[in-house]
Participant: 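I'd like to ask some things about the structure below.
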Amino acid sequence: MNSANSVVVLDFETTGLSPTQGDRAIEIGAVKLQQGVIVDHFQQLINPGFRITHFIEQYTGITNAMLNEAPSSHIVMHDFADFMGDANLVAHNASFDQRFLDAELARIHRHYSGRFACSMLVARRIYPDASNHQLSTLVAHNRIEQQGDFHRALADAEMTALLWQHILDTLCQRWQCQAPSFAMMAALQKQPKANLERFFAKYADNQSS
DNA sequence: TGCCAGGCCCTCTTTAGGGCCTT
């Protein structure tokens, strides 16, 4: 099975919220899903080249001392680009991780061909009754076993992957059908909520025909 | 000391404003 049949679920820890304001990645974690099973993982701290704030140290548990020993983004992102291959990508609030992925890859002139899907946008449509749609809340809401500590990249990527698979299982049960395609999920995340029932009905018709 | 981004989505909307979500 080549990587085009895989989904890579990724998560960045960063120095802040915006790469356009000088923020950099300090850790990347990712898992590779094939047919609902985690078959590989990637985790690496990244030295951003400057000291991170006390807030980020407290938020992530990643310290300046840890980052002083970490390799540069140049080395890590080449490895991660090889890990991704041409797989499709999933992240929680994907627009955030996509901005940092694009910025860090641009620095080393690497590119990716996979498409992004967002577990948060899909979860807002599938679990409208959740109290909120933070990753930790959705993990608890769906009684998913917590993996490691929130706000570390690999643990968040693993929990996002388990949430993503739980969403696929929820949709399979709703339609009594096979696993939805990545393209279907990418379309679902853009559907207006008022159009969801029509969207689901159309998808079910296409599967049965 | 306080603030800094950007996309989505809802509503008391669309010539706008503000909350959510990510670090």
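Scope of the values below: all heavy atoms of this structure, side chains included, with no hydrogens, waters or symmetry mates. Here is the naming used below: chain letters follow the sequence lines, and residue numbers restart at 1 for every chain.
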Participant: For residues 49-58 of chain A, run the donor-acceptor check on the side chains, cut-off 3.5 Å, and write out each pair with its distance to 0.1 Å, sequence neighbours left out.
Facilitator:
unit_1, atom_1, unit_2, atom_2, d
A:Thr53, OG1, A:Ile56, N, 3.2
A:Glu57, OE2, A:Asn64, N, 2.8
A:Glu57, OE2, A:Asn64, ND2, 3.1

Participant: Once you apply a heavy-atom cut-off of 4.0 Å, does A:Thr15 come out as touching a base, just sugar-phosphate, or nothing?
Facilitator: nothing
Participant: Roughly how many Å apart are B:dG18 and B:dC12, using the P atom of each and rounding to a whole number?
Facilitator: 15 Å
Participant: What is the nucleic acid contact for A:Phe100, judged by heavy atoms within less than 4.0 Å: base, sugar-phosphate only, or nothing?
Facilitator: nothing
Participant: Give every donor-acceptor pair under 3.5 Å between a side-chain atom in residues 115-125 of chain A and any protein atom, sequence neighbours left out.
Facilitator:
unit_1, atom_1, unit_2, atom_2, d
A:Ser119, OG, A:Ala91, O, 3.4
A:Ser119, OG, A:His92, ND1, 2.7
A:Arg125, NE, A:Leu188, O, 3.3
A:Arg125, NE, A:Gln191, O, 2.7
A:Arg125, NH1, A:Leu121, O, 2.8
A:Arg125, NH1, A:Gln189, O, 3.2
A:Arg125, NH2, A:Gln189, O, 3.1
A:Arg125, NH2, A:Gln191, O, 3.0

Participant: Parallel, tilted or perpendicular: which describes the rings of A:Phe42 and A:Phe80, with under 30° parallel and over 60° perpendicular?
Facilitator: perpendicular
Participant: Write down the distance separating the P atoms in B:dC3 and B:dG19, rounded off to the nearest Å.
Facilitator: 14 Å
Participant: Using a strict cut-off of less than 4.0 Å between a Lys/Arg side-chain nitrogen and an Asp/Glu carboxylate oxygen, indicate whether A:Arg110 and A:Asp82 qualify as a salt bridge.
Facilitator: yes
Participant: Judged by each residue's nearest nucleotide on DNA chain B, which is more toward the 5′ side, A:Gln191 or A:Arg124?
Facilitator: A:Gln191
Participant: Checking all strands, does A:Asp11 fall into the base, sugar-phosphate, or nothing category for heavy-atom contacts under 4.0 angstrom?
Facilitator: sugar-phosphate
Participant: What is the 5' to 3' range of DNA chain B, first to last nucleotide, that sits under 4.0 Å from any heavy atom of chain A?
Facilitator: B:dA5 to B:dT23
Participant: Taking B:dC8 as the reference, what is the distance to B:dT13 when you measure between their C1' atoms (whole Å, please)?
Facilitator: 15 Å
Participant: Report, as yes or no, whether the 6.0 Å neighbourhood of atom CG on A:Asp102 holds more than 12 heavy atoms from other residues, nucleotides or ligands.
Facilitator: yes
Participant: So what does A:Leu121 hit on the nucleic acid, given a heavy-atom distance under 4.0 Å: a base, only sugar-phosphate, or nothing?
Facilitator: sugar-phosphate
Participant: Using the closest heavy atom to pick a nucleotide of DNA chain B for each, name whichever of A:Leu135 or A:Arg125 lands nearer the 5' end.
Facilitator: A:Arg125
Participant: Would you measure the distance from the P atom in B:dT23 across to the matching atom in B:dG2 and give it in whole Å?
Facilitator: 25 Å
Participant: Do A:Asp23 and A:Ser18 have side-chain atoms, one donor and one acceptor, less than 3.5 Å apart?
Facilitator: no
Participant: Using a cut-off of 4.0 Å on non-hydrogen atoms, how would the nucleic acid contact of A:Asp97 be classed: base, sugar-phosphate, or nothing?
Facilitator: nothing
